[in-house]
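First the structure, in the form of structure tokens, and then the observations on it.
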Amino acid sequence: MSAPAIQPVRTPVTASPARKSAGKRRTTPALFDTALGWSDRPGPAWALRVLLCALALGVFAAPFLTVFSGSFSEKASGSTLSFLPHHPTLLNFQVAGERGIWDYFGNSLVIAGGGLLLQLVVCTLAAYALARHRFRGQALILTLFVLTMMLPEEVIAIPLSLVLGHVPVVGLDLKGTVWGVILPLGAWGFSVMVLTEFMKDIPAEIEEAARIDGVGELRMLWQVVLPLCKPALGVAGVLGFIMIWDQYLLPLIAAKDPTDYTVTVALSILRTDPEVGSGVVLAGAVIALVPSLIVYLLLQRSLVTGIAAGATKG
């Protein structure tokens with residue numbers, strides 16, 4: 001009889017310490033991983049980045065904290081840096097209200113709301129025509145929209161004032177009305193450019209399938225194109241509202257009476273009023289700041305998504 005074959009003894013292979021440590025490493029990025037090498041592990045580099053972030057936050061947040069604290073201070077000074085109000089009071093807001101700040105605030109809300117609605121409608125229609133259709137002179141029209149962003153308001157102030165005083169063809173005088181401020185803001189080259197670039201990236205197959213089902217142009221825009229352009233609409237909405245709300249020269253040249261001014265123009269009036277102090281001006285600045293802050297907080301996610309999508313597009 002032959003001897004039975006002896007099977008070799010297989011010793012279990014133990015992982016080396018280096019391999020164990022490699023297996024324990026994270027395969028997914030941490031919460032604070034960035035392209036700059038941010039890490040959530042404490043260390044000298046981590047401490048330096050935290051210090052730089054705190055410094056940047058202080059630079060940007062200090063003016064806002066000073067405005068808020070000064071608006072609630074009994075004796076505020078625009079030349080001192082203070083993060084906490086001295087002798088807190090609401091008297092500054094009361095005096096600002098007596099100077100008509102809330103009437104100017106209402107004018108700004110009407111102009112910003114109507115101007116933004118008109119701007120989004122006009123820019124969306126223009127972007128849809130430029131992005132989804134081909135016609136002669138298309139590149140020239142888009143270039144003209146972009147060129148309007150390069151003209152400062154001071155250059156067109158006098159011609160615009162003449163046009164608003166006597167609108168060609170119809171011969172209307174729009175000065176002293178909200179339409180004198182809303183209509184010039186009805187189209188913005190930035191919104192047209194952003195919406196056009198987003199609409200160009202919509203696959204043609206989606207549009208072709210919708211047209212086979214008998215979808216018309218307006219329904220195509222409303223039910224197919226616009227739902228895919230929500231990030232771009234968020235960017236156009238936030239930046240468009242801030243642009244309209246911060247208008248100073250246009251409400252000034254379109255007004256016939258001081259009661260037609262907006263809150264931005266009212267702040268300059270408060271600043272030149274010798275009977276009010278810096279606290280009243282700062283209170284008016286806080287009132288003017290609130291709507292822009294609310295709009296940004298409500299549409300912050302759409303704004304960030306739209307900017308990120310535009311940065312990674314292509």
Side-chain angles (χ1 to χ4, degrees), residues 63-64 66-68 70-79 89-119 151-168 170-188 239-295:
F64 292 99
T66 302
V67 170
F68 276 101
S71 64
F72 291 98
S73 297
E74 184 177 356
K75 294 182 180 180
S77 177
S79 59
T89 180
L90 296 176
L91 182 62
N92 295 326
F93 291 91
Q94 180 181 352
V95 175
E98 294 174 355
R99 292 296 191 274
I101 191 67
W102 295 113
D103 295 333
Y104 301 129
F105 185 81
N107 294 339
S108 295
L109 285 180
V110 173
I111 292 173
L116 181 61
L117 179 61
L118 179 62
Q119 186 180 105
L151 291 175
E153 295 181 352
E154 293 78 9
V155 174
I156 62 175
I158 296 178
L160 184 59
S161 177
L162 297 176
V163 171
L164 292 177
H166 185 77
V167 180
V170 294
L172 294 177
D173 184 9
L174 296 180
K175 285 190 173 182
T177 64
V178 293
W179 294 107
V181 185
I182 291 177
L183 290 180
L185 300 172
W188 191 24
L239 299 183
F241 180 87
I242 295 175
M243 185 271 292
I244 297 174
W245 185 265
D246 293 340
Q247 284 291 321
Y248 175 80
L249 189 59
L250 180 58
L252 192 61
I253 65 177
K256 281 187 175 181
D257 190 80
T259 56
D260 300 327
Y261 290 158
T262 58
V263 68
T264 52
V265 182
L267 290 179
S268 64
I269 298 177
L270 288 176
R271 188 173 180 273
T272 57
D273 192 344
E275 297 182 1
V276 300
S278 300
V280 179
V281 179
L282 295 177
V286 170
I287 295 174
L289 176 65
V290 170
S292 298
L293 186 61
I294 293 176
V295 170

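The CG atom of Asp103 sits 13.0 Å away from the OG1 atom of Thr262 when rounded to the nearest 0.5 Å. Here the CD1 atom belonging to Ile244 is positioned 8.5 Å from the CD1 atom belonging to Ile182, to the nearest 0.5 angstrom. The CD1 atom of Ile156 lies 7.5 Å from the CD1 atom of Ile253; values are rounded to the nearest 0.5 Å. Here Leu109 contributes atom CG and Trp102 contributes atom CH2; the two are 10.0 Å apart, rounded to the nearest 0.5 Å. Between atom CD1 of residue Ile101 and atom CG of residue Leu267 there is a gap of 5.5 Å, rounded to the nearest 0.5 Å. How far CD1 of Ile111 is from CG of Leu116: 13.0 Å, rounded to the nearest 0.5 Å.
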- Task: Start with the C-alpha gap between Trp179 and Leu172, add the side-chain angles, then the distance that decides, and say whether side-chain contact (heavy atoms from CB on, under 4.5 Å) holds.
- Result: CA-CA 11 Å; Trp179 294 107; Leu172 294 177; over 6 Å; no
- Could you please spell out the steps behind the side-chain contact (heavy atoms from CB on, under 4.5 Å) verdict for Thr89 and Phe72? CA-CA 5 Å; Thr89 180; Phe72 291 98; over 6 Å; no
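Put simply, the side chain of Asn92 gets close to the backbone of Ser73: a donor and an acceptor are under 3.5 Å apart. When atom types are taken as modelled, the side chain of Ser108 and the backbone of Val263 share a donor-acceptor pair closer than 3.5 angstrom. At distances below 3.5 Å, at least one donor-acceptor pair connects side-chain atoms of Ser71 with backbone N or O atoms of Phe68. The backbone N or O of Thr264 sits nowhere less than 3.5 Å from a side-chain atom of Trp245 that would complete a donor-acceptor pair.
Residues Val265 and Ser268 meet the side-chain proximity criterion, which asks for heavy atoms closer than 4.5 Å. Taking the side chain as every heavy atom from C-beta outward, Lys175 and Asp260 never approach each other to under 4.5 Å. Considering only heavy atoms from C-beta on, Leu289 stays 4.5 Å or farther from Val67 through its side chain.
Closest non-hydrogen pair, Ala112 versus Phe241, comes out as CB-CE1, 3.7 Å. Smallest separation of non-hydrogen atoms from Pro251 and Tyr261: O-CD2, 4.3 Å. Between Ala254 and Gly180, the shortest heavy-atom distance links the atoms CB-O, 3.9 Å. Between Arg99 and Tyr104, the shortest heavy-atom distance links the atoms O-CE1, 3.9 Å. Residues Val170 and Val167 share a closest heavy-atom pair of CG2-CG1, 3.6 Å. Shortest non-hydrogen contact noted between Leu249 and Ala157 is CD2-CB, 3.8 Å.
Few gaps surround CG on Leu162; more than 12 heavy atoms of other groups in view lie less than 6.0 Å from it.
Partner Leu270 forms a side chain to side chain contact (heavy atoms under 4.5 Å, CB included) with one of Val281, Leu282, Val95 and no other, that one being Val281. A side chain to side chain contact (heavy atoms under 4.5 Å, CB included) with Pro184 is found for exactly one of Leu160, Leu174, Val163, namely Leu160.
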